[in-house]
There are 2 protein chains.
Amino acid sequence: MLTQTHAPAHAATPRGHTVLHPVRLPLTRTHLRAVNPVARKDNCENCRLHAVCVPDGLDAGERDEFIGLVFQHKRFAVGERLYRAGEAFTHLYFVKTGAFKSVMMLHDGREQITGFHLAGDMLGIDAIGDSAHPSEAVAIEEAWVCAVPYQSLMQLSRRAEPVQSYVQNLLSRELVRDQGVMLLLGRMQAEERVAVFLINLAQRFKTRGQSPNEFILPMVREDIGNYLGLTLETVSRCLSRLKKAGLIEVNNRQLRILDHAGLEQVIGAGQNHD
Amino acid sequence: MLTQTHAPAHAATPRGHTVLHPVRLPLTRTHLRAVNPVARKDNCENCRLHAVCVPDGLDAGERDEFIGLVFQHKRFAVGERLYRAGEAFTHLYFVKTGAFKSVMMLHDGREQITGFHLAGDMLGIDAIGDSAHPSEAVAIEEAWVCAVPYQSLMQLSRRAEPVQSYVQNLLSRELVRDQGVMLLLGRMQAEERVAVFLINLAQRFKTRGQSPNEFILPMVREDIGNYLGLTLETVSRCLSRLKKAGLIEVNNRQLRILDHAGLEQVIGAGQNHD
DNA sequence: CGCTATCTTGAGTAGCGTCAAGTCATGTGG
DNA sequence: CCACATGACTTGACGCTACTCAAGATAGCG
């Protein structure tokens, strides 16, 4: 299982990003700090993600109310946890920068990564039903998050219909996503799974305004394998095969998609078509 | 506002591939029929599932309002579909008797069963996010369902907090369940998957007031296999092995759990404990 | 009573996991 | 600045689990 202790604090941003605070840890978790309302509002309005995080269709007052709920942000080093399994549920979280993985754990130590969360994604919604987090969220890149107190959000959603459907839709879409993963895990072969993974990742980068055809994989091979129900070796072999087939270029974390259509044709090539 | 649930009325083979299920058709779909309010109320109050379907914590008026939303019920024969993938989303459904499976389909014909729905379970929540059903729901036993118009439910949930958290919790718990299946599909071996499946099924029968240790499997081996990411042969072999080990008795659909603790120990026996 | 769907069991095989060795990139300490 | 340590990745050899194909048993239903 993953050692929970210090991620090597040198902020392992694989890309050449300048690391702002190469803080050496003991990683004490400070609490999320509220900032004053004006600063809050500024932070959301100026945040390039506000179109993603803030619900559409609110009038000015409601919008301010929503933004007023958002607690400003906290930094997480690679390997740090936003919450742990079993922890009480109080807030929903937005990833502002960086990336997390959600991990579900079995008592015998086995772990399954159930999702990766990039900038703009929400975290913690699976905890609503039992008021406790069933999984844990681990930063896989240096990350900053914002937090929204769930109870307040629910109160607001009773007054503002857009907030209500916003939350419902988030939950429901996550359901559909998970069902897609079930399809992948249950019915697809290794190479297909990797292809689907790359295509999805590309799509997500695209909606974030980044290049869909050239990006840095935010996670290590082992995490990809875990997510896809494979070993890291199999992931590596599949990537090599896709490379040899001329569909992608890959060098460690650096990935380029050369033939998007070809990648999509990998899905369903030579399968047990029920 | 009710009778507009038009289903594409014939059970055509979606994209040309053969129908696997023993459907003796023609399965004409009649529409959901409303009954008068009094009858509606009677139907929920007298329904032995009302503790399951009707949210707790409502005052008398709200409770009547909720029940007033419930459209009375429609019968489905084995193989009939409650909704199809792509169909517009208008209602949530409760299984009153019988059972359904949710099936996610891939363009190439592969299918993944993402869940089984027994009496008291809700169906259709994965359609909220996109106002269309991403999966289809097929009756695996003769079944009766009730329907709740989603928009009306949302309106009510803005006035009645218990309804709001009721829906949120349903969605969130379903997320957790799906993540558990991802864990199963990604990290467990065949025999473990079958054991988990039986234990879960037993638990669900128990909460329904039925015997957890002796029941009839509502689905065929192929469906179990599909759900668990296995072939029907592998499911059969696993059941035989569990039988030989003295943990269960099994005769076709008839199943008896002889050693519940032993079944639980199958999970995690000799695994790649990361 | 016979048809068909369902289930069981066996034999052979393939895909992926396991184990192992080796390369490469990055960071560290001398 | 260099030697070294470490983590990430790749590639190969081998083995096992679960899939495929096949045959036969059983049960349900008209």
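Each chain gets a letter, A, B and so on, in the order its sequence line appears, and its residues count up from 1.
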- Task: Examine distances only and state if a side-chain atom of A:R221 and a backbone atom of A:T234 form a donor-acceptor pair shorter than 3.5 Å.
- Result: no
- Query: What integer distance in Å separates A:L185:CG from C:dC16:C1'?
  - Reply: 14 Å
- Between B:T231 and D:dC19, does any side-chain N or O lie under 4.0 Å from OP1 or OP2? yes
- Message: Distance check needed: D:dC9 P versus A:E249 CD, whole Å only.
- Response: 18 Å
- Message: Rounded to whole Å, please give me the gap between CG in A:L242 and P in D:dT11.
- Response: 13 Å
- Among C:dT18, D:dC21, C:dG17, the one nearest B:E233 by side-chain distance: D:dC21
- Item | Polar side-chain atom of B:R253 near backbone of B:I216 as donor-acceptor pair, under 3.5 Å | no
- Using atom CD1 of A:I140 as one end and atom P of D:dA8 as the other, report the distance to the nearest whole Å. 13 Å
- Message: Do A:L242 and A:V250 make a side-chain contact, defined as non-hydrogen atoms from C-beta onward lying under 4.5 Å apart?
- Response: no
- Item | Salt bridge flag under 4.0 Å for residues B:E214 and B:R256 | yes
- Query: Within less than 4.0 Å of OP1 or OP2 of C:dT9, is there a side-chain N or O belonging to B:S240?
  - Reply: yes
- Query: Within less than 4.0 Å of OP1 or OP2 of C:dG10, is there a side-chain N or O belonging to B:R237?
  - Reply: no
- Message: Using five pairs at each end of the helix from C:dC1-D:dG30 to C:dG30-D:dC1 to define an axis, what is the angle between those two axes, to 10°?
- Response: 40°
- Do A:D121 and A:R208 meet the salt-bridge criterion of a basic N to acidic O distance under 4.0 Å? yes
- Note on the structure: Closest to the side chain of B:V220, out of C:dC7, C:dT9, D:dT11, is C:dC7
- Message: Mind checking if B:G229 touches a base, just sugar-phosphate, or nothing, with heavy atoms under 4.0 Å?
- Response: sugar-phosphate
- Between atom CG in A:L239 and atom C1' in C:dC24, what is the gap in whole Å? 17 Å
- Task: Quickly work out the A:Q254 CD to C:dA25 P distance and round it to whole Å.
- Result: 13 Å
- Task: Considering just the side-chain nitrogens and oxygens of B:T234, establish if one lies under 4.0 Å of OP1 or OP2 belonging to D:dA18.
- Result: no
- Would you mind reading off the distance between B:N252 atom CG and D:dC29 atom P, rounded to a whole angstrom? 12 Å
- Message: Between A:N226 and A:I113 (side chain of the first, backbone of the second, donor and acceptor by atom type, cut-off under 3.5 Å), is there such a pair?
- Response: yes
- Query: Hey, are the side chains of B:M219 and B:K101 touching, using non-hydrogen atoms and a 4.5 Å cut-off?
  - Reply: no
- Integer-rounded Å distance: C:dT26 C1' and A:N251 CG: 15 Å
- Query: Closest to the B:L232 side chain: D:dA18, D:dT11, C:dT8?
  - Reply: C:dT8
- Item | Phosphate-side-chain proximity, A:R221 and D:dC9, N/O vs OP1/OP2 below 4.0 Å | yes
